Amino acid sequence: MQACRKIGLKPPHDYPFNTRELARRSLYNYINKLAEHNISHAASRNGEEASQLIRTTGAGIHNNAYISRPFEQVQFEQKSTVHLCGGFLC
């Protein structure tokens, strides 16, 4: 709000001063969209470990871009049914 005042916006008639929430929702939505478009940068705000984890997991285009050996990247699928055969999963 101080930055808005610095550039000459004044309450109560100029945006964001003329909204009930003072544009908090707009700012929140903007920050979320930025994070969605650059997930690795957004993860780095939570530390180096989170940043490394987001870069090395998942099925994104940049993850494991140069697979050179069999089974270097695997994918698991969830089965929707479970069968019991004599008390054991089949």
Side-chain angles (χ1 to χ4, degrees):
M1 302 314 286
Q2 291 173 352
C4 291
R5 286 186 179 99
K6 266 187 186 177
I7 63 169
L9 299 175
K10 297 178 183 171
H13 302 293
D14 292 331
Y15 181 83
F17 300 108
N18 61 357
T19 63
R20 183 177 60 191
E21 294 187 7
L22 301 174
R24 285 184 191 101
R25 277 187 296 171
S26 297
L27 183 59
Y28 176 79
N29 290 335
Y30 175 73
I31 290 170
N32 280 340
K33 284 181 184 177
L34 283 178
E36 287 174 10
H37 291 297
N38 194 350
I39 189 69
S40 64
H41 182 68
S44 69
R45 294 184 300 177
N46 296 314
E48 180 58 33
E49 185 178 341
S51 179
Q52 181 180 5
L53 186 63
I54 202 74
R55 287 191 314 266
T56 59
T57 59
I61 294 170
H62 299 291
N63 294 322
N64 298 323
Y66 302 105
I67 297 172
S68 60
R69 297 177 306 201
F71 305 110
E72 194 169 80
Q73 180 176 358
V74 296
Q75 179 178 343
F76 295 98
E77 294 181 9
Q78 179 181 357
K79 294 221 174 220
S80 61
T81 59
V82 176
H83 299 283
L84 293 176
C85 300
F88 297 99
L89 291 177
C90 300

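Given the structure is predicted, the values throughout are model-derived calculations rather than measurements.
The nearest pair of heavy atoms linking A43 to A50 is O-CB, 3.6 Å. Counting all heavy atoms, side chain and backbone alike, I31 lies closest to R45 at CG2-NH1, 4.3 Å.
N32 CG to L27 CG: the interatomic distance, rounded to the nearest 0.5 Å, is 10.0 Å.
The number of heavy-atom neighbours closer than 6.0 Å to CD of E49, taken from other residues, nucleotides and ligands shown, is 12 or below.
Taking Ile, Leu, Val, Met, Phe, Trp and Tyr as hydrophobic and joining them when side-chain heavy atoms fall under 4.5 Å apart, one finds L9 in a cluster with M1, I7, F17, L22.
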